[in-house]
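Predicted, not measured: the structure shown is a model, and the values here were computed from it. Indexing begins at 1, ligand by ligand and atom by atom, following the structure's order.
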Amino acid sequence: MEDYLKWQERILDLIIPRLKNTGSICWQVGNFVDNGMIIPLDIEMAYIFKKHGLKLRNRIIWHFGHGLHNKRRFSGRYEVVMWYSKTDDYQFDLDPVRVPAKYPGKRHFKGPKKGKLSGNPLGKNPEDVWNIPNVKANHVEKTDHPCQFPVGLIEKLVLSMTKPGQLVFDPFAGVGSSGVAAALHKRHFLGCELISNYARQAKERIDEALAGKARYRPHDKELYDHTKSKLSQAVLPEDEGVEGT
Ligand SMILES: C[S@@+](CC[C@H](N)C(=O)[O-])C[C@H]1O[C@@H](n2cnc3c(N)ncnc32)[C@H](O)[C@@H]1O
């Protein structure tokens, strides 16, 4: 853990001075699991950002539906995106990522705005817990990378924190999911990736996105309703007993 944190610190020490005053850093981390004990990496890493005077705007909880089943603790189903800005003058636009309001027809019932719609007609703030399917075997974005991010997760960050023509940088680009999100929305992209096979796939995916042929799950696509599946309706015969987790 000590070596890992020092390594991450060296990278962030290089990146943060190069960030624009209006820019943001989104650092996505999970929990390190050590013999069944969890170590939340966002807590462990917070000192690095603090040292540079960055301002934490949200700990976005990326919640997903699939993963390992645990027997001795609750199964882990989230990772964290630490969103930091460099200054108070950070770029942020909610409108491209608004979600449908719960009660779009709700109106002010008193005061000077009485009778007028009370919510934003473009929708509501998407809040800081995002339920986005992780990229498992049957996901439209799946490549042979073992832990790629869904494009939709990064799309929300790109749309709200950058404008067309600006630069998105991913120092751990993998198969280029952030590059795809950038290309889809006319942002420039720069990425680093150690493994040439992943870098090659990243380039292919970005080229597809630039050509309007990206295979991806948009951030605003509705979640699959598993209750409609035949498997959800299956009734177990009594003699099959109870085994799973
Ligand atoms: C969690 S994956 C990121 C996956 C990526 N978000 C995607 O959706 O494809 C981390 C990636 O960082 C790469 N990596 C690890 N150390 C690196 C380094 N020092 N420089 C560049 N890439 C590195 C790994 O090969 C791996 O593909």
So do M45 and L12 actually touch side chain to side chain, heavy atoms under 4.5 Å? yes
Mind checking whether V175 has an N or O less than 3.5 Å away from an N or O of ligand 1? yes
Is the count of non-hydrogen atoms from other residues, nucleotides or ligands lying under 6.0 Å from K51 atom NZ greater than 12? yes
Using the ring centroid of each side chain, check whether F172 and W7 are separated by less than 6.0 Å. yes
Report, in ascending order of atom number, the atoms of ligand 1 lying under 4.0 Å from any heavy atom of Q148. 7 (C), 8 (O), 9 (O)
What I want to check is whether the side chains of Y198 and Q148 have a donor and an acceptor closer together than 3.5 Å. no
Protein residue, atom and distance nearest to atom 25 (O) of ligand 1, heavy-atom basis: E193 OE2, 2.6 Å
Region of H145 engaging ligand 1 - heavy atom pairs below 4.0 Å: side chain
Enumerate the atoms of ligand 1 whose separation from the nearest heavy atom of P171 is less than 4.0 angstrom. 21 (C), 22 (N)
Protein contact to atom 1 (C) of ligand 1 [nearest heavy atom, distance to 0.1 Å]: C147 SG, 3.6 Å
Which atoms of ligand 1 have any heavy atom of A173 under 4.0 Å away? 5 (C), 7 (C), 9 (O)
Angle between ring planes, W83 versus F92, binned at 30° and 60°: parallel, tilted or perpendicular? tilted
If you have a sec, work out which protein heavy atom is nearest atom 19 (N) of ligand 1 and how many Å separate them, to one decimal? W7 CZ2, 3.9 Å
How does F172 reach ligand 1, if at all, at less than 4.0 Å between non-hydrogen atoms: by side chain, backbone, both, or neither? both
Please determine, by modelled atom types, if D144 and Q201 share a side-chain donor-acceptor pair under 3.5 angstrom. yes
Could you tell me the residue and atom name of the protein heavy atom closest to atom 18 (C) of ligand 1, and the distance to it rounded to 0.1 Å? L194 CG, 3.6 Å
Under a plain distance cut-off of 3.5 Å, with no hydrogens placed, do H139 and N134 share a side-chain donor-acceptor pair? no
Taking only non-hydrogen atoms of I195 and a 4.0 Å limit, the atoms of ligand 1 in range are 25 (O)
Who's the nearest protein heavy-atom neighbour of atom 6 (N) of ligand 1, and how far? F149 CD1, 3.3 Å
To check your reading of the model: name the closest protein heavy atom to atom 8 (O) of ligand 1, its residue, and the distance in Å. S177 OG, 2.6 Å
Distance-only side-chain donor-acceptor flag, T227 / D225, under 3.5 Å: yes
Pick one: which of R200, K142, H145 meets side chain to side chain contact (heavy atoms under 4.5 Å, CB included) with V175? H145
Heavy-atom distances under 4.0 Å are what count here, so tell me which part of S178 touches ligand 1: side chain, backbone, both or neither. neither
